[in-house]
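Each remark here refers to the structure printed beneath this line.
When a ligand or atom number is given, it counts from 1 through the structure's own listing order.
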Amino acid sequence: MSLHDLLIHRRSIRKYTAEPVSPDDVRLILEAALLAPSSKSGRAWQLVVVEDRPTLEALSQCRPSGAGPVKDCALAVVVTVDETISGAWVEDASIAASYMQLQAADLGLGSCWIQVRGRFTADDTPSDHYVQELLGIPETCSVLCMVTIGHPDETRKPQDVEKLKWENVHIGRF
Ligand SMILES: Cc1cc2nc3c(=O)[nH]c(=O)nc-3n(C[C@H](O)[C@H](O)[C@H](O)COP(=O)(O)O)c2cc1C
């Protein structure tokens with residue numbers, strides 16, 4: 001599949017089968033993150049791979065809603081960046097997460113971005129602090145999101161290129 005076709009076909013997948021993801025595929029997905037561009041080539045990502053079911057269940061509690069896919073995925077990659085190294089941590093983390101999603105799609109796997117930064121648990125704890133505490137992530141490593149990954153248990157239509165928001169593109173001047 002061409003990169004363009006992959007971009008059209010990648011959709012957020014929130015339902016997964018119980019089939020594990022092979023170690024080779026997990027490695028390729030992590031490699032994609034580590035191949036991502038980063039501010040000043042700081043490569044300040046710190047990624048936490050979680051496959052343990054009770055921990056996934058606990059991670060899904062980082063928000064009262066919106067983190068459901070974490071419960072049933074084969075694995076979740078918690079994307080953090082060391083703010084003492086990167087001056088653009090949100091951007092660095094976002095690109096790494098996106099690269100993982102594209103690599104997963106290329107492998108026929110489903111993935112979903114689960115936002116952590118700026119969200120809160122049911123008892124109003126910042127979700128990023130909750131995740132840091134749960135996984136022993138140092139304070140300097142800011143948590144942006146988790147990427148859930150697994151074999152898809154739902155089919156989603158590819159994007160319709162006829163419906164792209166070309167009106168949001170301005171040529172030369174807004
Ligand atoms: C910054 C960001 C935050 C997101 N947060 C969540 C989330 O917390 N939970 C979720 O299920 N999906 C989340 N998503 C996935 C979006 O809902 C999804 O990308 C969007 O609906 C477009 O659908 P598509 O990915 O299938 O094209 C997030 C995506 C982005 C880029």
Protein heavy atom under 4.0 Å of atom 20 (C) of ligand 1: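 False for atom 20 (C) of ligand 1.
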Heavy atom of protein closer than 4.0 angstrom to atom 10 (C) of ligand 1: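 It does: a protein heavy atom is found less than 4.0 Å away from atom 10 (C) of ligand 1.
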Residue Cys112 vicinity, atoms of ligand 1 by number, heavy atom under 4.0 Å: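 That gives atoms 10 (C), 11 (O), 12 (N) of ligand 1.
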Under 4.0 Å to a heavy atom of Gly66 - the qualifying atoms of ligand 1, by number: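 In order of numbering, the contacting atoms are 7 (C), 8 (O), 9 (N), 10 (C), 11 (O).
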Under a 3.5 Å distance rule, please check whether [X] uses its side chain to pair with a backbone N or O of [Y] as donor and acceptor.
X: His151; Y: Ala18; result: no
X: Gln132; Y: Val143; result: no
X: Ser60; Y: Lys71; result: no
X: Ser86; Y: Asp82; result: no
X: Arg11; Y: Thr155; result: no

Heavy-atom nearest neighbour in the protein, as seen from [atom], with distance rounded to 0.1 Å:
atom: atom 16 (C) of ligand 1; value: Arg14 NH2, 3.7 Å
atom: atom 6 (C) of ligand 1; value: Trp113 O, 2.9 Å
atom: atom 26 (O) of ligand 1; value: Ser12 N, 2.7 Å

Side-chain heavy atoms of Met146 within contact of Val70, under 4.5 Å: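 Yes, close enough: below the 4.5 Å cut-off.
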Basic-acidic side-chain contact under 4.0 Å: Arg53, Glu57: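 No.
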Check: Pro69 N/O within less than 3.5 Å of ligand 1 N/O: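 So ligand 1 has no N or O lying under 3.5 Å from an N or O of Pro69.
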Arg63 contact mode with ligand 1 (heavy-atom cut-off under 4.0 Å):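 Under 4.0 Å from ligand 1, Arg63 contributes side-chain atoms alone.
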Within reach of ligand 1, part of Ala67 (heavy-atom separation under 4.0 Å):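 Neither part.
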Candidate pair Leu144 and Trp113, rule side chain to side chain contact (heavy atoms under 4.5 Å, CB included), full reasoning: CA-CA 10 Å; Leu144 179 71; Trp113 176 309; 3.6 Å; yes
Whether Arg156 lies under 4.0 Å from ligand 1, heavy atom: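 Checking ligand 1 against Arg156, which is what was asked, there is a heavy-atom contact under 4.0 Å.
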Closest candidate by heavy atom, reference atom 23 (O) of ligand 1, pool His9, Arg117, Arg11: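 Looking at heavy atoms only, the winner is Arg11.
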